[in-house]
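Chain naming here is simple, since letters A, B, ... match the order of the sequence lines and numbering starts at 1 in each.
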There are 2 protein chains.
Amino acid sequence: MNISNTLQVNRPAVQPIPQPSLKRLPQYHHYLVDMETKGITRISCSAIGRDLGLVPVQVRKDLQYTGIIGKPKTGYSVSELIQAIEKFLGWNNVNEAFLVGVGNLGTALLGHERFSKFGLRIVAAFDTDPAKIGQWIHQKAVLPLDKLADLAPRMNILLGIITTPAEAAQAVADEMVKGCIQAIWNFAPVKLKVPEHIIVHNEDLYSTLASLSWKLARRLGVTVQEKQEKEAV
Amino acid sequence: MNISNTLQVNRPAVQPIPQPSLKRLPQYHHYLVDMETKGITRISCSAIGRDLGLVPVQVRKDLQYTGIIGKPKTGYSVSELIQAIEKFLGWNNVNEAFLVGVGNLGTALLGHERFSKFGLRIVAAFDTDPAKIGQWIHQKAVLPLDKLADLAPRMNILLGIITTPAEAAQAVADEMVKGCIQAIWNFAPVKLKVPEHIIVHNEDLYSTLASLSWKLARRLGVTVQEKQEKEAV
DNA sequence: TGGTTATCGGTATGAATATATCGAATACGT
DNA sequence: ACGTATTCGATATATTCATACCGATAACCA
């Protein structure tokens, strides 16, 4: 903690873009690609904001991080903007990935063709279940997990995707670390213990579900409450 | 925008918990359930923070929103804490949901048994593909989409899940609105246009992928940069 | 050609979130 | 029984992020 803070202070450019901005960039990208197919060549922050439900200033600030420069009155070139985002996110160079855990979700991700457009290519799957090993799912071989640590360095794989149940995730992460994998996309709802230099991103469906059910429950509660308030008036 | 702001001002209790805290609660829940199965009955914020990579103060603040009270020196009762979170998130009362889009991801979600432990029960699936309609997937019937708006009110379904391609998502959302659905969990990478009172939560895999690939690309770049810096010294 | 309007880029303010600090309370060891 | 260490709850500060503002610039129109 102390060490990394010191590093931050010495090199303030380590995190030049806010996380929320970074997460909005793909939204813009989707939208812009859509606009481009519709034949639109130039676009303003106001238009983007209107269609995406964001205030124009925020859009402008987000886009500025990609280094794009716009022109007053006309905005940005759509194609330049798309390229700027792709370059900024590193979607030009393909990241090859291993996926571990060929359950429902793992299978779904293996079959998700569109990832290839965003710099991600899942090249092989792993599992411990003998019934699954040896199968081909969506044109990808399912290999035994214990081969991962050996194969990853040889194939120069830097990214691992974990779609196992929570109980198995840590062991899988350990294997990935052994295989010199640099970044982990973790769909299991556990905090992985990995060396500090490994990048871990968690995709926790339950966290979204939590806000959703909280709001829904509250909504129903509030409705009742409002009714009572009205009656009280 | 003005209206809702005014409402916020008049009733400041509308959003008493920060979104980030809300999203961390399921993490705590997972962790606590895990601890409970290990026979641990009491736990402190320090311990939770250590295992989950958070500072104790943040854990404490998050947990306070659930209304739980702890005791100095020993912390909280694990079982009470679990119940407090579940109650707070509304995971006690089951939300029944319709899912639309029986592709890879939709199928995966239909098969995800664990949702039932978190107050979510997907009761039926919908699609427009005649090849899929009439099938049973993971014990759930696949019905034609145009039946949704009629069935939802009759079955008192308040939650809709969209796992269609981006192009179809808006039309599906429109159907859901017609069916008086209150909340939408949207996996398609588009901004849905719906009436203001509808709760929409987007699950954008690409946004995580974006930060991941950005960091990975940058990591590789930074490594090179550091090497050059060292050589320059 | 000159005024008008929309937009950008930069800076300043404000809101939301995270973290630090402090007194009080409780268990534990001596 | 008393001091010590740990933790809670509450308040205060700091950081991060979102939004508002303002001057400058380029297109559009009269």
Give the rounded distance in Å between these two atoms: [atom1] of [X] and [atom2] of [N].
{"X": "A:Glu80", "N": "C:dC8", "atom1": "CD", "atom2": "P", "result": "14 Å"}
{"X": "B:Ile17", "N": "C:dA16", "atom1": "CD1", "atom2": "C1'", "result": "14 Å"}
{"X": "B:Gln19", "N": "D:dA18", "atom1": "CD", "atom2": "P", "result": "13 Å"}
{"X": "A:Leu22", "N": "D:dA18", "atom1": "CG", "atom2": "P", "result": "12 Å"}
{"X": "B:Arg24", "N": "C:dA16", "atom1": "CZ", "atom2": "P", "result": "16 Å"}
{"X": "A:Arg50", "N": "C:dT7", "atom1": "CZ", "atom2": "C1'", "result": "14 Å"}

Counting only non-hydrogen atoms, which of residues 61-79 of chain A are less than 4.0 Å from DNA chain D?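 The answer is A:Lys61, A:Lys71, A:Pro72, A:Lys73, A:Thr74.
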When you measure from every atom of DNA chain D, which of residues 32-40 of chain A have a heavy atom less than 4.0 Å away?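 Within this stretch, nothing sits under 4.0 Å of the strand.
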Check for a donor-acceptor pair, side chain of [X] on one end and backbone N or O of [Y] on the other, with a separation under 3.5 Å.
{"X": "B:Ser21", "Y": "B:Ile17", "result": "no"}
{"X": "A:Arg121", "Y": "A:Ser116", "result": "no"}
{"X": "B:Arg219", "Y": "A:His197", "result": "yes"}

Kindly point out which of [options] is positioned nearest to the side chain of [X]?
{"X": "A:Val57", "options": "D:dC8, D:dT19, C:dT17", "value": "D:dT19"}
{"X": "B:Gln58", "options": "C:dC8, C:dA18, D:dG9", "value": "C:dA18"}
{"X": "B:Pro18", "options": "C:dG9, D:dC8, C:dT17", "value": "C:dT17"}

Taking all heavy atoms of B:Gly101 and all of B:Thr163, pick out the closest pair and write down the distance.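 Minimum heavy-atom contact is O-OG1, 2.6 Å.
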What does the inter-axis angle of the helix from C:dT1-D:dA30 to C:dT30-D:dA1 come out as, five pairs per end, nearest 10 degrees?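 Terminal axis comparison yields 10°.
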Does a side-chain N-to-carboxylate-O contact under 4.0 Å join A:Lys178 and A:Asp174?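 A salt bridge is absent here (no side-chain N lies under 4.0 Å from a carboxylate O).
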How would you label the contact of A:Arg42 with the nucleic acid (heavy atoms, under 4.0 Å): base, sugar-phosphate, or nothing?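 Counting heavy atoms under 4.0 Å across all strands, no contact is made by A:Arg42.
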Ignoring backbone atoms, establish whether B:Arg60 has a side-chain N or O less than 4.0 Å from OP1 or OP2 of D:dG9.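 For B:Arg60, the contact criterion (side-chain N or O under 4.0 Å from OP1 or OP2 of D:dG9) is not met.
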Check whether more than 12 heavy atoms from other residues, nucleotides or ligands sit under 6.0 Å from atom NZ of A:Lys23, and answer yes or no.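 Atom NZ in A:Lys23 is packed in, count exceeds 12.
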State whether the number of non-hydrogen atoms from other residues, nucleotides or ligands found under 6.0 Å of B:Ile69 atom CD1 is greater than 12.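 Atom CD1 in B:Ile69 is not packed in, count stays at 12 or less.
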Distance check, rounded to the nearest 0.5 Å: A:Ile122 atom CD1 versus A:Leu109 atom CG?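 That separation rounds to 5.5 Å.
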Using side chain to side chain donor-acceptor pair (under 3.5 Å), reason through B:Lys215 and A:His201 one step at a time and then give a plain yes or no. CA-CA 10 Å; B:Lys215 285 187 184 167; A:His201 271 243; 3.2 Å; yes
Begin from the C-alpha positions of A:Trp91 and B:Ser213 and carry the test side chain to side chain donor-acceptor pair (under 3.5 Å) through to its verdict. CA-CA 7 Å; A:Trp91 282 355; B:Ser213 55; 3.1 Å; yes
With A:Cys45 as reference, evaluate A:Lys61, A:Arg50, A:Arg60 under the side chain to side chain contact (heavy atoms under 4.5 Å, CB included) test and give the passing residue.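 Among A:Lys61, A:Arg50, A:Arg60, the one meeting side chain to side chain contact (heavy atoms under 4.5 Å, CB included) with A:Cys45 is A:Arg60.
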